[in-house]
Colleague: 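Encoded as structure tokens, here's the structure I'll be asking about.
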Amino acid sequence: MATLWTGERGSIKPKADFNAKDDAVALRMAIKGLGTNEKTLIDILTQRSNVQRQLICKAYQEDATGKTLVEDLEGDTHSHFEDLLVALVTPPAIYDSQEFHKAMKGIGTNDSALIEIFATRSNKQMKEISDAYLKETEKKLTLDLKNEISGEFAKAILILAEGKRDENTHVDAAKAKEDAKTLYTAGEKKWGTDESKFIDILCQRSIPQLRQTLVEYKTISGKSLQESIEGEMSGELEELLVAIVKCVKNVPAYLAERLHQGMKGGGTDECILNRIMVSRSEIDMLDIRAEFKKLYSYSLHSAIESDTSDFYGDCLKKICGGDD
């Protein structure tokens, strides 16, 4: 059954005949024995749902030593493999809140990470993430965002962060035509672009409503809305609005593209791989795999195999599931 953080098309499903205490004992033996048994860590943590992993974490800590599973994973594994295992045992809203914090700390902001998360999360998910961020950092997510980003990009991000998107599933065809005309007048038809109109419509209309608006826009302008945004705008605002348009059409295809970006060219971006593979593993990983194959004519599994190695690669392949 689909919930806020799970869907019907995930590659990871809850394990039948699950026993948290048995798993906790097996994990402790894998970590505390002579050398770490990474295969056991991978087999257990990639074949349990996140809810089941939280029960394992609780059972693990109730052991006499009192250490948490996260503490032991951080002490006994390393680098990207460590990051991936810790991500797997972290509740989804907390994980996203940590990704936001990571994207904003230090010099400069990782706009692409912010864009990817904001473009793909629902209002309810954003509420849980914001609550987790406040609990983890004792700061409001929106206030931290205001300190880190500015201009029209900040305006758009803050609308998404505050969960202001209409969630009505009814499509108003007349409104879609009106919005399409507004966008056309604010962009293609105008000298200089009225970015605020794009932000208001793309960040606040419901997803079904925007799908119809995209159709109407193409009829009016002869171009897709994505083409118009790419021609009229630049920088992080362009990247955000294009991401929203792509997600209106097909979230798994957008995420397949992001995974491809994380593996092509000069080195692998493990942060992108970890974030998408973990956060979508129980939602729509099967669809992401299918879209990846459609876009690039080879499987996500084979891309991971050629771009990663060792236990880190093995763990990603387990999360990915089949080689199709």
Colleague: Let's go through Glu230 and Ser224 carefully: what are the C-alpha distance in whole Å and the side-chain angles of both, what is the deciding distance for side-chain contact (heavy atoms from CB on, under 4.5 Å) to 0.1 Å, and is it a yes or a no?
Modeller: CA-CA 10 Å; Glu230 288 169 345; Ser224 70; over 6 Å; no
Colleague: Quick one: does Phe311's side chain get under 4.5 Å of Leu41's, heavy atoms only?
Modeller: no
Colleague: Distance from Ile288 atom CD1 to Arg9 atom CZ, nearest 0.5 Å?
Modeller: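 Reported to 0.5 Å precision, the distance equals 11.0 Å.
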Colleague: Are the side chain of Gln47 and the backbone N or O of Ile12 linked by a donor-acceptor pair below 3.5 Å?
Modeller: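 It does not hold such a pair.
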Colleague: Taking ring-ring contact (aromatic ring centres under 6.0 Å, His included) as the test, write out the residues that go with Tyr217, two or more places apart.
Modeller: none
Colleague: Grouping I, L, V, M, F, W and Y whenever their side-chain heavy atoms are under 4.5 Å apart, do Tyr184 and Val242 come out in a common cluster?
Modeller: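 Yes: a chain of side-chain contacts under 4.5 Å links Tyr184 to Val242.
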Colleague: Taking the side chain as every heavy atom from C-beta outward, state whether Ile276 and Glu116 have any atom pair closer than 4.5 Å.
Modeller: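 In contact.
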Colleague: Does a donor on one side chain sit under 3.5 Å from an acceptor on the other, for Asp194 and Ser196?
Modeller: yes
Colleague: With sequence neighbours excluded, what pairs up with Lys13 under the salt bridge (Lys or Arg N to Asp or Glu O under 4.0 Å) test?
Modeller: none
Colleague: So which atom in Leu273 and which in Leu259 form the shortest heavy-atom distance, rounded to 0.1 Å?
Modeller: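 Minimum heavy-atom contact is CD2-CD2, 3.8 Å.
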Colleague: Can you establish whether the number of heavy atoms outside Lys246 located under 6.0 Å from its atom NZ is more than 12?
Modeller: yes
Colleague: Would you say Ser11's side chain and Ile319's backbone share a donor-acceptor pair under 3.5 angstrom?
Modeller: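 Side chain of Ser11 to backbone of Ile319: a pair is present.
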Colleague: Treating Thr120 as the side-chain partner and Ile117 as the backbone partner, does any N or O pair qualify as donor plus acceptor under 3.5 Å?
Modeller: yes
Colleague: Just how far is it from atom OG1 of Thr308 to atom NZ of Lys317, taken to the nearest 0.5 Å?
Modeller: 6.5 Å
Colleague: Could I get the full list of ring-ring contact (aromatic ring centres under 6.0 Å, His included) partners for His80, not counting sequence neighbours?
Modeller: Tyr312
Colleague: Are Ile94 and Met104 connected into the same hydrophobic cluster when the rule is that any two of I, L, V, M, F, W, Y join if their side-chain heavy atoms are below 4.5 Å apart?
Modeller: no
Colleague: CG/Leu85 to CG/Leu45 distance, rounded to the nearest 0.5 angstrom?
Modeller: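 Leu85 CG to Leu45 CG: 6.0 Å, rounded to 0.5 Å.
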Colleague: Going by ring-ring contact (aromatic ring centres under 6.0 Å, His included), Phe100 matches just one of Tyr95, Tyr133, Phe118. Which one?
Modeller: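 Among Tyr95, Tyr133, Phe118, the one meeting ring-ring contact (aromatic ring centres under 6.0 Å, His included) with Phe100 is Phe118.
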Colleague: Linking I/L/V/M/F/W/Y whenever their side-chain heavy atoms sit closer than 4.5 Å, directly or via other members, would Val245 and Val171 fall into one cluster?
Modeller: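 Shared cluster, no.
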Colleague: For Thr77 and Glu38, test the side chains for any donor-to-acceptor distance below 3.5 angstrom and give the result as yes or no.
Modeller: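 Side chains of Thr77 and Glu38: no pair found under 3.5 Å.
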Colleague: Do Ser49 and Thr6 have side chains that approach each other closer than 4.5 Å (heavy atoms only, starting at C-beta)?
Modeller: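 Ser49 does not reach Thr6 side chain to side chain.
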Colleague: Side chain of Asp269, backbone of Gly262: donor and acceptor closer than 3.5 Å?
Modeller: no
Colleague: Quick one, Leu202 and Leu225 - any side-chain contact, counting heavy atoms below 4.5 Å?
Modeller: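 Yes, close enough: below the 4.5 Å cut-off.
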Colleague: How would you list all residue pairs meeting side chain to side chain donor-acceptor pair (under 3.5 Å) that involve residues 201-214, not counting sequence neighbours?
Modeller: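 Counting only pairs at least two positions apart or across chains, the side chain to side chain donor-acceptor pair (under 3.5 Å) contacts touching residues 201-214 are Asp179-Arg205, Gln212-Glu216.
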Colleague: Given side-chain contact (heavy atoms from CB on, under 4.5 Å), test Met277 with Met285 step by step and report yes or no.
Modeller: CA-CA 7 Å; Met277 297 300 292; Met285 184 52 65; 3.8 Å; yes
Colleague: In Å and rounded to the nearest 0.5 Å, what is the CH2 to OG distance from Trp5 to Ser122?
Modeller: 7.0 Å
Colleague: Are Glu282 and Asn50 linked by a side-chain donor-acceptor pair shorter than 3.5 Å?
Modeller: no
Colleague: Would Lys102 and Asn110 count as a side-chain contact (heavy atoms from CB on, under 4.5 Å) if you check the C-alpha gap in whole Å, the side-chain angles of each, and the deciding distance to 0.1 Å?
Modeller: CA-CA 8 Å; Lys102 197 173 13 170; Asn110 183 345; over 6 Å; no
Colleague: Is it true that Glu178 and Lys181 have a side-chain N and a carboxylate O under 4.0 angstrom from each other?
Modeller: no
Colleague: Check whether any side-chain heavy atom of Leu73 sits under 4.5 Å from a side-chain heavy atom of Glu82, and report yes or no.
Modeller: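 Sidechains of Glu82 and Leu73: no contact.
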Colleague: Can you name the nearest heavy-atom pair linking Ile42 to Thr46, along with the distance?
Modeller: O-OG1, 2.6 Å
Colleague: Mind listing the closest non-hydrogen atom pair of Asn250 and Pro252 along with its distance?
Modeller: OD1-CD, 3.0 Å
Colleague: Could you pull out the closest heavy-atom pair between Phe198 and Leu241, with the gap in Å?
Modeller: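 The answer is CB-CD1, 3.9 Å.
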Colleague: Stepwise, does the side-chain contact (heavy atoms from CB on, under 4.5 Å) test hold for Leu145 with Thr109?
Modeller: CA-CA 10 Å; Leu145 285 165; Thr109 307; over 6 Å; no
Colleague: What pairs meet the salt bridge (Lys or Arg N to Asp or Glu O under 4.0 Å) rule with one or both residues in residues 146-173, with sequence neighbours excluded?
Modeller: Lys155-Asp200, Glu162-Lys164
Colleague: I need the Glu236 CD to Phe153 CZ distance, nearest 0.5 Å.
Modeller: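 So the gap between those two atoms works out to 5.5 Å.
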Colleague: Indicate if Val251 and Leu295 have the same hydrophobic cluster label, given that clusters are the connected sets of ILVMFWY residues with side-chain heavy-atom separations under 4.5 angstrom.
Modeller: yes
Colleague: Do Ile244 and Leu160 make a side-chain contact, defined as non-hydrogen atoms from C-beta onward lying under 4.5 Å apart?
Modeller: yes
Colleague: Regarding Asp287 and Arg280, does a basic nitrogen lie under 4.0 Å from an acidic carboxylate oxygen?
Modeller: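 Salt bridge absent between Asp287 and Arg280.
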Colleague: Got more than 12 heavy atoms from elsewhere within 6.0 Å of NZ, Lys249?
Modeller: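 Yes - once you tally the heavy atoms of other residues, nucleotides and ligands closer than 6.0 Å, there are more than 12.
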Colleague: Could you state the interatomic distance from CG (Asn168) to CD1 (Ile207), rounded to the nearest 0.5 Å?
Modeller: 12.5 Å
Colleague: On a heavy-atom basis, which atom in Ala256 and which in Tyr296 lie closest, and how many Å separate them?
Modeller: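 It is O-CE1, 4.0 Å.
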Colleague: Thinking salt bridges, do Lys124 and Glu128 make one under a 4.0 Å N-O criterion?
Modeller: no
Colleague: Is Arg48 reaching over with its side chain to a backbone N or O of Lys15, donor-acceptor style, under 3.5 angstrom?
Modeller: no
Colleague: Tell me every residue that passes ring-ring contact (aromatic ring centres under 6.0 Å, His included) with Tyr254, counting only those two or more places apart in sequence or in another chain.
Modeller: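 Not a single residue meets the ring-ring contact (aromatic ring centres under 6.0 Å, His included) criterion with Tyr254.
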Colleague: Closer than 3.5 angstrom, by distance alone: can the side chain of Ser130 be matched with the main-chain N or O of Lys127 as a donor-acceptor pair?
Modeller: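 Checking the backbone N and O of Lys127 against the side chain of Ser130, no donor-acceptor pair under 3.5 Å is found.
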Colleague: Does Asp314 pair with Lys318 as a salt bridge, N-O distance under 4.0 Å?
Modeller: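 Not counted as a salt bridge, because no side-chain N and carboxylate O are separated by less than 4.0 Å.
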Colleague: Are Glu270 and Asp83 close enough that some pair of their side-chain heavy atoms sits under 4.5 Å apart?
Modeller: no
Colleague: Taking all atoms of both residues into account, what is the closest heavy-atom pair of Cys320 and Arg289, and its distance?
Modeller: O-NH1, 2.7 Å
Colleague: When you measure from the side chain of Arg53 to the backbone N and O of Leu88, does any donor-acceptor pair fall under 3.5 Å?
Modeller: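 Pair found, side chain donor or acceptor close to backbone of Leu88.
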Colleague: Answer with yes or no whether the hydrophobic clustering places Tyr298 together with Leu300; edges join I, L, V, M, F, W, Y residues whose side-chain heavy atoms lie under 4.5 Å apart.
Modeller: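 Result: yes, single cluster for both.
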Colleague: Less than 4.5 Å apart, any side-chain heavy atom of Thr3 and any of Val51?
Modeller: no
